[in-house]
Student: 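Please see the structure below; I have some questions.
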Amino acid sequence: MRISIYSPGLLCLVLICNPIYSQQQLDKRIIIRADTILDGKGNTLQNTRIVVEGDKIVAIDPKAGPIDYDLRGLTVLPGWIDAHAHITWSFGKDGKNVGAGETTPEAAYRSAANAWATLMAGFTTIQSVGSPTDLPLRDAIARGALAGPRVLTAVEPLTGRGEQTGTPEEIRAFIRKQKQAGADVIKIFASQSIRQGGAMTLSQEQLNAACDEAKKQGLRTLVHAYKEAVRAASMAGCTQVEHGTLATDDDLKLLAKNGTYLDPQAGLVIENYLLNKERYLGTPGYTEEGFAAMIKILPMNHDLVQRASKTRGLKIVFGTDAVAGSHGRNAEEFIDRVRDGGVDPTVA
Ligand SMILES: [Zn+2]
């Protein structure tokens, strides 16, 4: 079932999107026949053909021929985007979580395997937020040396530590440093982990400086935020709120009004932690208390997605927070959004 659903997308990927293929192959006109096409704009097209030239779809034409790929009986959909993943997080030799912290050859191969699994699951772009270990992986995929989704990375995140984080000027310098290191986006932690209570870790002034400087550098900002930090991130003009657990209805309305994107997680990230509890427990940041908290947080996240999806004008994106154990399972988050978050399947 899984294979038959995803394989048309993969075929498209391998043929069209993978830079390993030569220019001559890329310039070739390719015609794909499909029974059902989800066009990515909410429309479903039936019994037609997709005409591709180079890396662009140039026409949808039921009469186009000759057919290169006959996908009768299958559904074709655009490559998916995961707005929040940690592509280099993996389990180490002893089977335990090592996060993105290892730089051994084994860790590099595991990162490459994560990228492959993600691509094969139908995801053609991910935002990895973030670790400096993303950089060589991003660049190898971009060169066509490795198969994987297009990777956008935040390099080193800005981790809020109250006053210790630095003055607004120091924070601006940190943002510029990430840009120089090759960051595509900026990741900011404005709250503690929700497992530790989710209190705010940056002042409004610090957050303002971070998001304003990123904007000046032409970079979007993704802010890890719970509770009151959600509102603060929107007021600071940041681009996107990650997680958002315990945001109030008024906070969600403010995001909608300011055009701040919300990236809530309906389930996969916590389900994956619970599934792999023994592999996480005892590694930095993962305690028995933290796991007990996760069980309580899961329904709060369902509630957030339910409320967010009913907030008029709120722009919601798809992000899984994929860590070790969930690379390649990213699409399960769609199921969580529909089943537990009450989101309409097509909207999801
Ligand atoms: Zn994350």
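All ligand and atom numbering here is 1-based and tracks the order in the structure. Heavy-atom basis, side chains included; hydrogens, waters and symmetry copies ignored.
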Student: Mind listing the closest non-hydrogen atom pair of T48 and I37 along with its distance?
Tutor: CG2-CD1, 3.5 Å

Student: Do K187 and F189 form a cation-pi contact, if we require the NZ or CZ to be under 6.0 Å from the six-membered ring centre and within 45 degrees of the ring's axis?
Tutor: yes

Student: With sequence neighbours left out, which residue pairs that include part of residues 74-91 fulfil the salt bridge (Lys or Arg N to Asp or Glu O under 4.0 Å) condition?
Tutor: none

Student: Restricting to side-chain hydrogen bond (donor to acceptor under 3.5 Å, both in side chains), what partner residues turn up for D70, sequence neighbours left out?
Tutor: R72

Student: Please confirm whether R49 makes a cation-pi placement over Y69, using NZ or CZ under 6.0 Å from the six-membered ring centre and within 45° of the ring normal.
Tutor: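 Judged by the rule, R49 and Y69 form no cation-pi pair.
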
Student: Spell out the protein N/O/S atoms under 2.8 Å from the Zn ion (ligand 1) as residue plus atom name.
Tutor: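 Atoms qualifying: H84 NE2, H86 NE2, D321 OD1.
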
Student: Of all residues at least two apart in sequence or in a different chain, which pass the side chain to side chain contact (heavy atoms under 4.5 Å, CB included) check with Q46?
Tutor: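 Listed in chain order: T36, T44.
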
